[in-house]
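Structure, as structure tokens:
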Amino acid sequence: MDPVFLSRLQFAAATMFHFLFVPLTLGLSILIAYMETRYAWSGDKNYLRMTKFWGKLFLINFALGVVTGITLEFQFGTNWSRYSEYVGDVFGSLLAIEASAAFFLESTFIGIWIFGWKKISAKAHAVVMWLVALAGNFSAVWILIANGFMQHPVGYDIRNGRAELTDFLAVVTNKHGLLEIVHVVPAALLLGAFFIMGISAYHLLRKQHTEIFLKSFRIGLVVGLVTSLFTAFTGDMHGINVSKTQPAKLAAMESHWETGAQAPIVMFAIPDETQEKNRIEIGSIPGLLSFLGFHDFNAEVIGLKDIPKQDRPPVFPTFIGFRTMVGLGTLFILLMIYGWVRRDKLLESPNFLKIMLWSIPLPYIAMEMGWVVSEVGRQPWIVYNLMRTSDAASPIAGTQVLISLVAFILVYGLLGAVGFYLMAKSVKEGPGAATA
Amino acid sequence: MELQSIWFFLWGLLWAIFFLTDGFDFGIGILYPFAGKTDRDKRVMLNAKGPLWDGNEVWLITAGGVTFAAFPKVYATMFSSLYTPLMLILFALIFRGVAMHFRGKIESPGWKKTWDTLIFIGSFLPALLFGVAFANIFAGIPFDNQGLYHGNTLKLLNPYGLLGGVLFVLLFMLHGANWMTIKATGELQERFAKIAAQTWMVLVPVAVAFLIASFFATRLYDNYIKSQGLFLVIVLAVAALFLTRYFNAKEAWFKAWFASALTIAGCTFFGIFGLFPALFPSSMNPAWNLTAFNASSSPLTLKIMLVVVAIFIPIVIAYQSWAYHLFKDPVSDEDLDMDEAY
């Protein structure tokens, strides 16, 4: 068995599973911190019940997010040792900073938050939740800066047979990384908002605990409206940057084969990578790709045919992933605008509530697809234009990786099922009485 | 001292802090099925480490991250060579973490029993494997000048490796029992005081055996013979080991725990001082050893990271100390009645 292929599968499985929990941790922590702040400063017991109810779901999710994250930090060494050796001088420090500056803070204060209700004052307890929330998001910032280096390496020189750091500030202020941050962090908040609205809708449809869930829903609505617009806005900025720096990714995102000005966007297509064309194309809009990529209808967009075959990313997942993400993103904006119109008549809008309940998985799908576009679209490079994925794996036996891959799938599948069951159970039980 | 040497000892320090903090979490998990007779006992044990273990575990992440940042070649070779044991440790840690959070979520004996088993495995396996791995590192790992590993996982379970594993398990059991004497009351506290004393009785001959075996199985003592002042660290570790028994008998629980923490730190530094400057010695050829000097990051990275840890590690220690202080009192019924308790 090919250890490179197996290691890729394992990293993809481990990352995508981890990324099911991270966005909710990031988004929900901020929303809970807000609720607890309202309680701590007003004494309104409803906000306490909200904090406790959403906090319970948060903690189940948090536990799975933490344990699945630990394996990732070590997989760079176990499965990608050539990569680690080659870029560790730059990349390793970003992970080390994440751990010492952010993850420590989050993990220490989550313990205080869980067990400290009676040990510290209500206001201090709310501040602790803010620390957890900010530290979690700060963690994400460092991870995305690290990913930004893989997407668009800067601030290094090739010396002593490896990439050595020459400009730390350039690495930290890498435009690619910053654009990922302003896109992914609000998207996580959007996911948190949809999670809250969906579960609130479940109870509102049953007309139970309406006071708590109307309040929760409206918090979600405000945050959802703002973040759905903001995420689309930064996504556009991100797209323009990708157009300039990663032409192969752009071409794969759009399954765009022929180089030319006034490049069109197709609504849907089935890419055929062997024949280098699209088998079916539906709804082609001339010039739109040039406009979206470069804000100029006449701009020339490089097609896949002008990119050497060995440098092309897999087209199908990148193309479908991008379409799914953008389509869902548009839907989120429409849903939020409609929700805003109906904000005072939520209880009289059962259909909207039902849609919001069934929409809970959608931001998850959108975020996973965004990750696919970003990571699959970067292939065949592990560090864009610097190191190929095929050169990056550890010199280890395929069977070893196969065993751990199977273990990952079994263990993660099982934990995912248990986590889902526990969350569903907590949701059905609803909020408890108001005790601090 | 050169930058690389400073980083070598910082690297050792991070592992030492990981072992002396999360060590008692592992120890409690190992003692869990034996010392926790009733469900209440078990819950006292879990809630004794509940507020702290999450933060303790991050010392491992930081030790790993710092290995990556300061010694990328070591990070790459060490973790790919020790692939299987490291994967086993990671899966064990996954189970431990989830089990702590999920055990109390459903009131069913079968549910709890499942997680109880995983809490034990998730604590025992990492304790044993960290010991096995470090003992093997002390003795040298079969890898060549290309970083290619020529050994196999079962060979790690050689007598010296296993002795290291048993030493770690016993050290953590003692440390965990000591923490429980702080956090338990009444009969349960007496039980842990006794367990600590009994574990100590077994630990002493094992520790002595390990010190002697290290002379034959490793080259750790070369450095000690060269600079004999280093023997002080062994003296301190042994002194701390005897002090923990002394404080246990005096019922000075916190001091006993502090002394076992020092013992663990002393044991770690016994190896670190002996290894210097190698972080990952090759048993095939000493010239292929990965050392602080041939496997480090560039001076710029080392400098930047030194500033980072010089700022953040003291801050982390400050707020973690505050957390320890906040949860220094024994676990009470009121604590166990909380919704959020484990």
Side-chain angles (χ1 to χ4, degrees), chain A residues 52 56 59-60 63-64 66-68 70-71 73-74 76-79 81-82 84-85 87-93 95-101 103-105 107-112 114-120 159 162 164-166 168 394-396 400 404 407 411 415 418 422 425 432 435, chain B residues 47 50-55 57-58 60-62 64-73 75-80 83-84 86-87 90-91 93-95 97-98 100-102 105-106 146-149 297-298 300-301 304-305 308-309 312-313 316 319-320 323 326-327 334-335 338-341:
Chain A
K52 290 253 176 178
K56 213 170 175 180
L59 289 174
I60 297 169
L64 290 166
V66 168
V67 295
T68 53
I70 294 172
T71 65
E73 157 141 9
F74 289 94
F76 290 108
T78 52
N79 294 71
S81 65
R82 300 292 189 215
S84 304
E85 228 181 297
V87 299
D89 198 63
V90 187
F91 188 86
S93 30
L95 293 196
I97 295 173
E98 186 267 340
S100 49
F103 192 43
F104 255 130
L105 194 65
S107 299
T108 307
F109 281 92
I110 194 71
I112 296 173
I114 300 173
F115 291 90
W117 283 95
K118 292 191 171 125
K119 305 262 181 200
I120 50 178
R159 278 193 304 234
R162 62 175 177 182
E164 291 198 348
L165 184 70
T166 54
F168 183 67
S394 302
I396 49 173
Q400 235 175 345
S404 61
V411 169
L415 289 181
V418 173
L422 286 176
K425 183 172 167 278
T435 45
Chain B
N47 286 284
L52 305 169
W53 74 271
D54 238 329
E57 197 178 65
V58 183
L60 171 65
I61 315 296
T62 307
V66 158
T67 313
F68 200 171
F71 305 106
K73 213 169 176 177
Y75 173 84
T77 313
M78 184 188 278
F79 293 158
S80 60
Y83 188 94
T84 303
L86 185 62
M87 281 293 166
L90 294 177
F91 279 109
L93 292 178
I94 289 179
F95 283 127
V98 173
M100 303 264 292
H101 280 288
F102 287 179
K105 295 273 172 208
I106 293 175
Q146 301 297 313
L148 259 177
Y149 179 59
S297 280
S298 64
L300 179 64
T301 298
I304 290 171
M305 285 310 298
V308 170
V309 298
F312 284 104
I313 297 302
V316 171
Y319 61 63
Q320 287 207 341
L326 205 58
F327 297 101
E334 195 194 26
D335 292 332
M338 271 186 14
D339 249 4
E340 291 82 5

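Throughout, protein chains are lettered first and strands after them, A, B, ... in sequence-line order, and every chain is numbered starting at 1. These numbers come from a predicted model, not from an experiment. What's counted below: heavy atoms across the whole structure, side chains too, no hydrogens, waters or symmetry copies.
Across H101(B) and I114(A), no two heavy atoms sit closer than the pair CE1-CD1, 4.1 Å. Nearest heavy atoms, T108(A) versus A323(B): CG2-CB, 4.1 Å. Nearest approach of S297(B) to D89(A), heavy atoms of both residues: CB-OD1, 2.8 Å. Nearest heavy atom pair, residue S93(A) against residue M305(B), reads CB-SD, 3.3 Å. Of all heavy-atom pairs between R162(A) and S298(B), the closest is NH2-N, 3.5 Å. Residues E57(B) and I70(A) approach most closely at OE1-CD1, 3.0 Å, considering heavy atoms.
Taking I120(A), V418(A), I112(A) one by one and counting their heavy-atom pairs under 4.5 Å with chain B, the maximum is reached by I112(A). No other option in E164(A), K119(A), E98(A) has as many heavy-atom pairs under 4.5 Å with chain B as K119(A). Counting heavy-atom pairs closer than 4.5 Å to chain B, the top residue among N79(A), L95(A), T166(A) is N79(A). Counting heavy-atom pairs under 4.5 Å between each of Q320(B), Q146(B), M100(B) and chain A puts Q320(B) at the top. Per-residue counts of heavy-atom pairs under 4.5 Å with chain A were compared for P51(B), G147(B), P72(B), G50(B); the largest is that of P51(B). Most heavy-atom pairs under 4.5 Å with chain B: of the set L105(A), L64(A), I396(A), L59(A), this distinction falls to L105(A).
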Before giving the answer on side chain to side chain donor-acceptor pair (under 3.5 Å), spell out for S394(A) and Y83(B) the whole-Å C-alpha distance, their side-chain angles and the decisive distance to 0.1 Å. CA-CA 10 Å; S394(A) 302; Y83(B) 188 94; over 6 Å; no
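Both the backbone and the side chain of L165(A) come within contact range of chain B, with heavy atoms under 4.5 Å apart. Only the side chain of F91(B) comes within less than 4.5 Å of a heavy atom in chain A; its backbone stays farther off. Residue contact with chain A, scored on non-hydrogen atoms closer than 4.5 Å, is absent for F71(B). Both the backbone and the side chain of I60(A) come within contact range of chain B, each with at least one heavy atom under 4.5 Å from a heavy atom of that chain. Residue contact with chain B, scored on non-hydrogen atoms closer than 4.5 Å, is absent for R159(A). For I110(A), the part lying under 4.5 angstrom from a heavy atom of chain B is the side chain only. The contact between L422(A) and chain B is made entirely by side chain atoms (from C-beta outward), counting heavy-atom distances below 4.5 Å. Only the side chain of V66(A) comes within contact range of chain B, with at least one heavy atom under 4.5 Å from a heavy atom of that chain. Both the backbone and the side chain of V98(B) come within less than 4.5 Å of a heavy atom of chain A.
For the atom pair NZ of K118(A) and CD of E334(B), the computed distance is 4.5 Å after rounding to the nearest 0.5 Å. Between the CD1 atom of I61(B) and the CZ atom of F74(A) there is a distance of 5.0 Å, given to the nearest 0.5 Å. Rounding to the nearest 0.5 Å places OG of S80(B) at 8.0 Å from CZ of R82(A). Taking CZ of F109(A) as the reference point, atom CG of D54(B) lies at 13.0 Å (rounded to 0.5 Å). Between the CE atom of M338(B) and the CH2 atom of W117(A) there is a distance of 9.0 Å, given to the nearest 0.5 Å. From L326(B), atom CG reaches atom CZ of F115(A) across 12.0 Å, with rounding to the nearest 0.5 Å.
By the 4.5 Å heavy-atom criterion applied to side chains, F76(A) and F79(B) are not counted as neighbours. Taking 4.5 Å as the limit, every side-chain heavy atom of F312(B) sits out of range of all side-chain heavy atoms of I97(A). The closest side-chain heavy-atom distance from I94(B) to T68(A) is not below 4.5 Å.
Relative orientation of the F91(A) and F68(B) rings is tilted, given thresholds of 30° and 60° on the angle between their planes.
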